Amino acid sequence: MERLVAWLVEHRPDVVCLQETKCVDEKFPREPIEELGYNVEVFGQRTYNGVAILSRAPFDDVERGFPGDGGEARALGATIGDLMVLNLYVVNGQSVGSDRYRDKLAWLGKLAEHVRDRYPMDEKVVLCGDFNITFDDRDVWDPDRWRERILCSTPEREALAGLMEVGLRDAVRKFTDEGGIYTWWDFRTFAIKRNRGLRIDHFLLSPPAFDACIGIDVDVATRKAEKPSDHAPVIAAFE
DNA sequence: ATGGTCGCGGAGCGA
């Protein structure tokens, strides 16, 4: 909470989407965030998963989860002004071929259905969060080492592409075709020191949101700071 | 090479 509060004070974002909050709604520490002027919506569970949205402007149409999502607290949607925001913590999938991997692919299929049904692509739609999938080899520090492994396998990438087919675009690719942009670095291998990262946290935008997006950046400094998450914050700006 | 480090929660699991 100390680091989150300092980060909010430093960056003054209008909307923040958090993943892996790992706490039930009753225990979520709302007050320090509300004191900074944010409205707070949480969708949590004990120990695992959990998502939250912080917003200076009030929320409308909050939705927790989606049909067929398996009941885990991984999706929190809300309308904020003219933005339809869907904050996602995609199933990690453990390893290719595992039960959880099959869950991941099924979950993504249900998500694509839900977005197709409920998120009109002529509105400003923002899907963001931890997708636990790289789009292509540009998002991987060593594509050969990661070939067909979890977060990089072809079925995962096809599932993500299937979601994009609803009418979404990857915000980063509005601004650059370059590789080497990462949002996650493994704790276990001290990967941040050598920049052995993956880009698995995304902003997926409908055409009106894509047009309104004026920049997106990974806050690597926060990943390099004391007691970090293994993910870096991703910050997108809209006109 | 199946490790390594984290957080949660009070052992072992998921990431």
Side-chain angles (χ1 to χ4, degrees), chain A residues 1-8 16-30 32-33 40 42-52 54 65 69-76 87-108 110-111 127-135 139-157 159-160 181-202 218-234:
Chain A
M1 282 305 293
E2 278 181 27
R3 297 192 304 280
L4 173 62
V5 165
W7 191 88
L8 293 173
V16 182
C17 293
L18 303 175
Q19 301 85 33
E20 278 197 278
T21 53
K22 298 185 180 182
C23 90
V24 295
D25 297 353
E26 298 72 34
K27 286 190 172 182
F28 191 93
R30 310 171 64 98
I33 298 167
V40 177
V42 291
F43 179 40
Q45 63 184 88
R46 195 179 71 97
T47 309
Y48 306 114
N49 311 317
V51 281
L54 324 178
D69 67 359
E72 296 181 330
R74 295 180 174 277
L76 182 59
N87 176 19
L88 298 169
Y89 174 47
V90 175
V91 179
N92 173 281
Q94 273 180 347
S95 59
V96 173
S98 69
D99 287 347
R100 290 301 277 158
Y101 182 76
R102 281 181 280 277
D103 292 345
K104 181 180 196 175
L105 298 179
W107 192 94
L108 287 161
K110 291 292 186 184
L111 172 64
L127 271 63
C128 64
D130 177 4
F131 286 79
N132 271 318
I133 306 173
T134 55
F135 276 99
D139 298 339
V140 186
W141 67 274
D142 185 342
D144 289 328
R145 192 185 296 212
W146 282 84
R147 189 79 58 209
E148 297 304 331
R149 288 179 56 190
I150 196 68
L151 316 180
C152 299
S153 73
T154 301
E156 289 169 273
R157 288 178 175 177
L160 180 55
I181 301 166
Y182 309 132
T183 66
W184 174 84
W185 297 258
D186 199 325
F187 281 131
R188 292 168 289 187
T189 54
F190 306 100
I192 190 67
K193 287 182 182 172
R194 291 188 167 84
N195 196 25
R196 295 181 164 189
L198 303 180
R199 187 170 76 96
I200 57 176
D201 301 272
H202 305 299
V218 181
D219 175 16
V220 180
T222 290
R223 177 62 180 83
K224 290 179 173 172
E226 292 297 304
K227 298 290 286 180
S229 164
D230 47 356
H231 297 254
V234 183

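Each chain gets a letter, A, B and so on, in the order the sequences are listed, and its residues count up from 1. Everything numeric here is computed off the predicted structure, so don't read it as measured data.
The separation of B:dA11 from B:dC6, taken at their C1' atoms, amounts to 16 Å, rounded to a whole angstrom. Nucleotides B:dG3 and B:dG14, compared at atom P, are 15 Å apart to the nearest Å. Comparing the P positions of B:dA15 and B:dA1 gives a spacing of 25 Å, expressed to the nearest Å. B:dG10 sits 24 Å from B:dG4 when the P atoms are compared, rounded to a whole Å.
Summarising the geometry, the separation between CG on A:Asp230 and P on B:dG4 is reported as 17 Å, rounded to the nearest angstrom. Between A:Arg149 atom CZ and B:dA1 atom P there is a gap of 12 Å when expressed in whole angstrom units. Across the protein-nucleic acid pair, A:Trp146 atom CH2 and B:dA15 atom P stand 14 Å apart, rounded to whole Å. As a whole-Å value, the separation of A:Asn92 CG from B:dC13 P is 16 Å. Atom CD1 in A:Ile150 sits about 15 Å away from atom C1' in B:dT2, given to the nearest Å. Between the NE2 atom of A:His231 and the P atom of B:dA15 there is a distance of 10 Å, rounded to whole Å. The separation between A:Asp186 atom CG and B:dC6 atom P is 11 Å, rounded to whole Å. The nearest whole Å value for the distance from the CD atom in A:Glu72 to the P atom in B:dG14 is 11 Å.
Applying the 4.0 Å criterion to OP1 and OP2 of B:dG7, one finds that A:Lys227 has a side-chain N or O inside that range. Put simply, A:Thr47 has a side-chain N or O that comes within less than 4.0 Å of OP1 or OP2 on B:dG9.
Among residues two or more places apart in sequence or in another chain, the salt bridge (charged side-chain N to carboxylate O under 4.0 Å, His left out) test is passed with A:Asp139 by A:Arg173, A:Arg199.
In this structure, A:Ile150 and A:Gln94 have side chains that are not in contact, with every pair of non-hydrogen atoms separated by 4.5 Å or more.
Annotation: A:Glu148, atom CD; neighbour count of heavy atoms from other residues, nucleotides and ligands within 6.0 Å is above 12.
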Walk me through it: do A:Thr189 and A:Asp186 pass the test side chain to side chain donor-acceptor pair (under 3.5 Å)?
-> CA-CA 6 Å; A:Thr189 54; A:Asp186 199 325; 4.7 Å; no
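Heavy-atom distances to DNA chain B give each of A:Asp130 and A:Arg188 a nearest nucleotide, and the one nearer the 5′ end belongs to A:Arg188. Comparing A:Tyr48 and A:Thr189, the nucleotide of DNA chain B nearest to each residue sits closer to the 5' end for A:Thr189.
Among B:dG9, B:dC6, B:dA15, the nucleotide with an atom closest to any side-chain atom of A:Arg74 is B:dA15. If you check B:dA15, B:dG7, B:dT5 against the side chain of A:Lys22, the one that comes closest is B:dG7.
The shortest non-hydrogen separation linking A:Ser95 to A:Tyr101 is O-CB, 3.2 Å.
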